[in-house]
Q: 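Just dropping this structure here.
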Amino acid sequence: MKRRKNDSSNKHPNLSSEEEKQEKKSPDSSKKVLAICLGFRMLNALLIQTYFNPDEHWQALEVAHRIAFGYGHLTWEWKKGIRSYLHPMLFALFYKVIAFLGLDTPWFMMKAPRLLQSIFSAVGDLYLYKLSRVLFGDGVAKWAVSLSYVIRFYALHLFAVKLFSGWPFMMDDVLNHFQLFSQLANWFNFFCFNRTLSNSLETVLTLVGLYYWPCMRSSSNKVPSDSRKWGLAVAALACAIRPTSAITWVYVGLLELYLTRARLRFIFMELIPIGTLVLGFMCLVDCLLYGSWVLAPLNFLKFNFLSSGGDYYGNHKWHWYFTQGFTVMLFSFLPFCLAGIIKSKNWKLSGLIVWVLGLYSILGHKEFRFVLPVLPISLILSGYSLAALEEHGAPNSERKGPSHIHKKWPSKRQLAICFLLATNIPMALYMSLVHQRGTEDVMNYLSKEAAREKVKSILFLMPCHATPYYSTLHRNLPMRFLDCSPSEEKGIPDESDRFMMNPIGFAMDFAKTWSCPSHIVLFDSEEKQLRNFLVSHSFREVRRFFHAHFKVDRDLQASVVVYATSGM
């Protein structure tokens, strides 16, 4: 096995000489790609108007709002030291800047965090492009990291203007202006990547880190000397923000350990010092905010892995990621991903995907977002298969007859592009603009009403964590939601479960001791049962917001209803 040679003569500390040549030759410089990615990721962020997962608000923005403004709800995880403050601190600092500039209006408080995340997402897009380029060259990179957000919102114009002037000309237009294709043509990336989940930032760090790890390159002879150190630092930060990221980096670390000859140097001069430094920084931040020394990753490991605490939130079959979860995320990209795995023969990337999906499959509790970091890796392989598709007919030099004959029908690649756009665009827009938007709309409405001093207190008679909270309301008013913290005694239903089992009985008992709120928020499925109860307590319906066309994990919650006391 050959020992790697470090090239320290590079002008750029993070680029090999070969990469510097590519950077000069390629018309799509990193700055240009980043600028375009950033602009349209921001547009992507503004278009997300639906609710996906409670952690987007309750484990990030709610905590950040409490740090920045002094009020906000901390869930039970923060009382037990299971979460690190590193991720919420990013948004807390951002909130401070917003408040200093006087921009903390209801609309901006709802949109600003996702706009911040769009900056991180754009960096992730850039590094996926860079990783694709060093692995497979410019051609695949263009297909692996498409600015499909551009295609999504500009393709209709291109199709309308160019459709009748010939398919090849139209597609050349697209390729000339928008040279990348898979990363954001995927519906789930468009829907999820810009959300303020720790998984989104974990995915960005995964893409950045993989680019710097020598073992992930096809040839590591000219990898810069400091590249692995950067990769280690990013990997450690990803693990500090989300401990389960270690699943990815254990694979990469073992691969690096196998391929390098300087194993002792890797472990004792790089891995341990850098890991200790990042872990120490995380512990310092947590100590300042918790008020005592807390090792959050260890507590997280104990709860989710050693005690199976995550199973409290639901269990899935071991094969769920392979048969449902990850296949839905890839959607129509699945056959292209499988083709890319076979054609590229890149066992490192393919092995990473199988490794991550396999280990997450062991855990009982499964969610789409847990495996988000390997979705872009799968899309790199999808991009490879797209780039490998031959144009219709023989190469230009071998064609016989008039050229217009060969331009009459679209090529396989063009058909594939149209198929992927036709299947992913509707899904992305529907999930981002329509499905489960009521819980976001209701908090936006209440925040505006609170700013006009028309809200005194709010009671949420719905499953716990179904809406954003203080981070959106941005008013220090009394609010109450139904608790669903895990109980140490198994089999005892929490408040949220008891309400869902018997809404009328729960509400009547609850009303005996409540401080009557000015507003009550609930889903229409429970509102039908509680309408008489609400009217008898002098509440009247003031607003109704569409929420969903179909049920997810409970009865259909078609709309969100707001009731207010007669005096409001």
Q: Run the ring-centre check on Y51 versus H57 and record whether the distance is less than 6.0 Å.
A: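 Under 6.0 Å, so yes.
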Q: Do Y321 and H316 make the cut of ring centroids closer than 6.0 angstrom?
A: no
Q: Drop me the distance from I274's CD1 to L271's CG, to the nearest 0.5 angstrom.
A: 8.0 Å
Q: Mind checking the CD-NE2 spacing from Q557 to H547? Nearest 0.5 Å is all I need.
A: 5.5 Å
Q: Check the orientation of F191 and F52. Use parallel for under 30°, tilted for 30 to 60°, and perpendicular for over 60°.
A: perpendicular
Q: For I377, which of T248, L349, T203, N346 qualifies under side-chain contact (heavy atoms from CB on, under 4.5 Å)?
A: L349
Q: Do F322 and T327 have side-chain heavy atoms sitting under 4.5 Å apart?
A: no
Q: Under the side-chain contact (heavy atoms from CB on, under 4.5 Å) test against Y360, which residue among V356, I362, L357 passes?
A: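 Passing option: V356.
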Q: Checking side-chain contact (heavy atoms from CB on, under 4.5 Å) against F333, which of S378, S385, S382 comes through?
A: S382
Q: For the residue pair R217 and Y212, would you count it as a cation-pi contact if the rule is NZ or CZ under 6.0 angstrom from the ring centre and within 45 degrees of the ring axis?
A: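 No.
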Q: Taking atom types as modelled, find out whether S118 and N44 have a side-chain donor-acceptor pair closer than 3.5 angstrom.
A: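 There is no such pair (donor and acceptor under 3.5 Å, judged by atom type) between the side chains of S118 and N44.
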Q: For Q49 and K111, what are the C-alpha separation, side-chain angles and deciding distance, and is it a side chain to side chain contact (heavy atoms under 4.5 Å, CB included)?
A: CA-CA 9 Å; Q49 299 176 33; K111 298 296 183 182; 3.7 Å; yes
Q: Roughly how far, to the nearest 0.5 Å, is the OG1 atom of T206 from the CG atom of L128?
A: 11.5 Å
Q: For the pair T50 and R195, evaluate side-chain hydrogen bond (donor to acceptor under 3.5 Å, both in side chains) and give the outcome as yes or no after the intermediate values.
A: CA-CA 10 Å; T50 55; R195 295 183 183 272; 2.9 Å; yes
Q: Look at the rings of Y430 and H549 and say which category their plane angle falls in: under 30° parallel, 30 to 60° tilted, over 60° perpendicular.
A: parallel
Q: Hey, is R369 close enough to E202 for a salt bridge, meaning N to O under 4.0 Å?
A: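 No salt bridge links R369 with E202.
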Q: Going by an N to O cut-off under 4.0 Å, is there a salt bridge joining E62 and R83?
A: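 Looking at R83 together with E62, the answer is no, because their closest N to O distance does not fall below 4.0 Å.
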Q: Run through L210, L237, V123 and flag the one making a side-chain contact (heavy atoms from CB on, under 4.5 Å) with L205.
A: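 Looking at L210, L237, V123, the match for L205 under the side-chain contact (heavy atoms from CB on, under 4.5 Å) is L237.
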